[in-house]
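I have placed the structure first, in the form of structure tokens, so that the comments after it can refer back to it.
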Amino acid sequence: MKTQPAILVTTAIDFNFKKSKKNIFLLGEWCKINKKYLEKDLTHKVQKCHWTDFNKLKKDSKYIENQYERILSILYKDLNKLNKKKKDKRYWRIIVGPWLTFYVATMFDRWETIRIFFKKNKNLKTSYLKNINKNILTSKNTLNFLYNAQNNDIWNHENFLRIINFNYKKNINHQAATINVLKKNKIKVIKNNFKTIIRYFVTLIDTGISFFALKYNRVILDSFQFSKLDLIKLHLKSKMIPAFYINTFKDLELNSNRILEYNKRKLLLKDLDFSNKSFLHFLVTSLKDDLPICFLEEFNKINSSVAYLSSQRKKTIITMTSHFFNERFKIWLAEMTSKGSKLQIAHHGGSLPPKLSLFIDHNDKISDKILSWFKFNKKIFKQMSPVQLLRFKKIHDKSKNTCLILACETNRYPVRCQSWPYVEQYKLWLNDINIIVENLQPIIQKKVIYRCSSDQMGFGTINRFKQKFKKLKSTDIHQSNLTKELSKAKLTICTYPDTTIADSIMSDTPTIIVFSTKLYRLSKQSNKIVKYLKKNNIFFDDMKKASKHINNIWRDPNIWWKSSKVQVALARFKKDAFNVKENWIEEWSNHINIQSH
């Protein structure tokens, strides 16, 4: 009897099976976003994410960084030639580096996913869906690439197919099929017409002021997340023209249908050595198609748009976020630093640093100084007050009666090496939250609000939480205001080690930090902090113990929160991780004035 070939389902694309629903292989947990692949009559196996093995993750992280540096050392020379520039590696690292960090990690993850599948299923003849849209693989810019790599089923399907065709053609029978692409839920953003009008006039005024600020200020503060009032105060204290540069560095809209210049692209990375059919061979072949158009076809257009901005005298530029995702700002930044301007990067968030660097130490390699929330043990770092936290300070509301759970979605598709949960590990993380809620007293359970991102991102844990706890409330981060929710919280449960911990503690809301240290791997410095937080029942890695503590203190959490031991531990935590000084304006203005001389 003839054995029926297996069917490989690469992503959550709706594959209409023509024959049998047996012998189905799902390449990853992300496929199950499509409920069709959960049907009872569907016999399937699901491949685990290889990076749930932390030892492999650490090893791969070093390999990815090495390949990144190898590629950049050739790519920057090629981009110089093709864009008629004569710039050094740092110039191009600033511009192309953020995309390249994501790209190399993303492509290696997809490569390993396919390699492991065929290693485990050597003699398997597999059918799979044909190409849908090859053109989707070329991105406009870094953000466009990141969105597709993290969320887009078709983009990931095409990428998996590319790897299969590159190395595993013998194992495959192409199978045409009808598809129904899953509809994405649009993210609803709260709109406020009054605020929109105010924003319009602020932008209009700022455009004129920013023109003079860019010319006369010796220090440029870009994409700062301080409140507008605090930012104005800081500029005035530092004797600078107050400016927000809202439109000054606004990114250009690029044509996604731009015709690619393959005569140029085929010249990329010709001087890079690699073994035949290796990952690097595949990466180089793919990069010729995948390089975002902002770095080649549209580079001169963007460069010309910042020419008048780049003609300014050298300055110190302090930025929070634009250096990673704003292509126009990055090109201006690269031009300015090539003329002698200093670059400082100010952290826009933080709390407990992870074990692995999220971005191959990109910031360390391009900046002259990093202004951090955390007190790091490296010379390049300087701890500064995270002034944006002031908006949470002493939030008061008489009706503080909710138990607010602050959660974070797991990315559907990996795009970087991280010390956070991957793919199917979201189940373990969500189960931990379920255990906490299940073990709360009924009176507390009724007050629970689960706050997380929308269904468009990750694995839709909001819906999963609703299914589990039908009577409890949940909110989408895109449709709710954290400040308002904290103002109504009697107690907050933070379930991941990031900025929301600082937000909650800064609001002086009694806060419990709960997560598994096997899912969230922390740095040595962070682990030291966690130890003394644990001693004072602020941190828990045992979910049931966390629930028991919440049950004990719920009647009046402030008795515990305001106790001398807890306050000492919190003061120590703030000092190490997010120390907002009373004289923050003096601290920041002194730092700025030093840069001005």
Side-chain angles (χ1 to χ4, degrees), residues 351 392-409 426 428-454 461-516 519-520 533-534 536-563 566-567 569-570 573:
S351 182
F392 295 107
K393 194 171 183 180
K394 295 179 181 178
I395 297 172
H396 293 289
D397 193 313
K398 292 179 181 178
S399 59
K400 289 174 82 74
N401 62 358
T402 66
C403 181
L404 181 63
I405 298 177
L406 300 177
C408 179
E409 243 337 327
Y426 88 88
L428 301 175
W429 164 80
L430 186 58
N431 186 56
D432 285 344
I433 294 175
N434 291 342
I435 291 170
I436 295 168
V437 176
E438 285 170 343
N439 286 279
L440 293 176
Q441 293 171 356
I443 193 171
I444 305 172
Q445 271 192 16
K446 292 177 183 178
K447 302 294 183 180
V448 164
I449 297 177
Y450 176 81
R451 188 177 197 271
C452 197
S453 56
S454 65
T461 60
I462 283 183
N463 278 339
R464 295 173 194 273
F465 185 84
K466 285 178 182 177
Q467 290 168 8
K468 178 78 175 176
F469 304 102
K470 292 180 174 61
K471 294 182 180 180
L472 303 187
K473 293 180 181 178
S474 62
T475 59
D476 187 326
I477 62 171
H478 299 287
Q479 299 178 39
S480 59
N481 184 291
L482 180 58
T483 307
K484 287 182 180 179
E485 293 197 330
L486 283 172
S487 71
K488 295 177 181 179
K490 184 175 181 179
L491 182 138
T492 302
I493 304 171
C494 294
T495 63
Y496 63 106
D498 208 8
T499 310
T500 51
I501 292 175
D503 296 339
S504 183
I505 291 175
M506 196 67 186
S507 73
D508 203 26
T509 302
T511 303
I512 306 292
I513 306 165
V514 193
F515 57 81
S516 168
L519 291 178
Y520 293 93
L533 293 178
K534 195 172 184 179
N536 292 279
N537 291 330
I538 300 168
F539 172 80
F540 292 87
D541 52 8
D542 184 309
M543 311 307 140
K544 289 184 179 180
K545 285 183 179 179
S547 298
K548 185 178 180 181
H549 176 62
I550 294 167
N551 290 335
N552 290 336
I553 66 171
W554 178 255
R555 188 174 180 181
D556 188 355
N558 277 307
I559 294 175
W560 160 75
W561 187 248
K562 297 296 183 182
S563 66
V566 170
Q567 286 297 306
L570 288 171
F573 183 25

Does a side-chain heavy-atom distance below 4.5 Å link N536 with L570? no
E409 (side chain) donor-acceptor with C452 (main chain) under 3.5 angstrom: no
Between the NZ atom in K490 and the CG atom in N558, the distance rounded to the nearest 0.5 Å is 9.5 Å
Closest non-hydrogen contact found for P557 with L491 is CB-CD1, 4.2 Å
Could you give me the CA-CA distance, side-chain angles and deciding distance for F392 and T509, then say whether side chain to side chain contact (heavy atoms under 4.5 Å, CB included) is met? CA-CA 10 Å; F392 295 107; T509 302; over 6 Å; no
Taking every heavy atom of N537 against every heavy atom of H549, the minimum-distance pair comes out as O-NE2, 3.4 Å
Calculate, to the nearest 0.5 Å, the distance between atoms OG and CD belonging to S547 and Q445 respectively. 9.0 Å
Which atom names give the shortest non-hydrogen contact between I493 and C403, and what distance separates them? CD1-SG, 3.7 Å
Return yes if some donor-acceptor pair links the side-chain N/O of T495 with the main-chain N/O of L406 below 3.5 Å, else return no. yes
More than 12 non-hydrogen atoms from neighbouring residues, nucleotides or ligands closer than 6.0 Å to NZ on K488, yes or no? no
Would you be so kind as to tabulate the donor-acceptor pairs closer than 3.5 Å made by side chains of residues 432-441, with sequence neighbours excluded?
{"from": "E438", "atom 1": "OE2", "to": "K468", "atom 2": "NZ", "distance (Å)": "3.0"}
{"from": "N439", "atom 1": "ND2", "to": "I435", "atom 2": "O", "distance (Å)": "2.7"}

Side chain to side chain contact (heavy atoms under 4.5 Å, CB included) between F573 and I513, worked out: CA-CA 12 Å; F573 183 25; I513 306 165; 4.2 Å; yes
Compare every heavy atom of T511 with every heavy atom of S504, then report the nearest pair and how far apart it is. OG-OG1, 2.7 Å
Working note: W561 + D508, criterion side chain to side chain contact (heavy atoms under 4.5 Å, CB included); need CA distance, chi angles, decisive distance, verdict. CA-CA 9 Å; W561 187 248; D508 203 26; 3.0 Å; yes
How far does OG of S474 sit from CD1 of I405, to the nearest 0.5 angstrom? 10.5 Å
For D498, salt bridge (charged side-chain N to carboxylate O under 4.0 Å, His left out) partners two or more places apart: none
Only one of D503, L486, I501, I449 passes side chain to side chain contact (heavy atoms under 4.5 Å, CB included) with T492; say which it is. L486
Can you give me the closest heavy-atom contact between W560 and P510, atom names plus distance? CZ3-CB, 4.2 Å
For a 4.5 angstrom cut-off between non-hydrogen side-chain atoms, does I553 reach I559? no
Going through the checks in order, is the side chain to side chain contact (heavy atoms under 4.5 Å, CB included) test met by Y450 and L472? CA-CA 8 Å; Y450 176 81; L472 303 187; over 6 Å; no
CH2 of W429 to OH of Y520: how many Å apart, nearest 0.5 Å? 6.0 Å
What is the distance from atom CD1 of I512 to atom SG of C494, rounded to the nearest 0.5 Å? 9.5 Å
Using a 4.5 Å cut-off on heavy atoms from C-beta on, say whether the side chain of F540 contacts that of I550. no
If I compare all heavy atoms of L404 with all of R451, which pair ends up nearest, and what's the gap? CD1-CB, 4.2 Å
CG-CD1 distance between N401 and I444, expressed to the nearest 0.5 angstrom: 12.5 Å
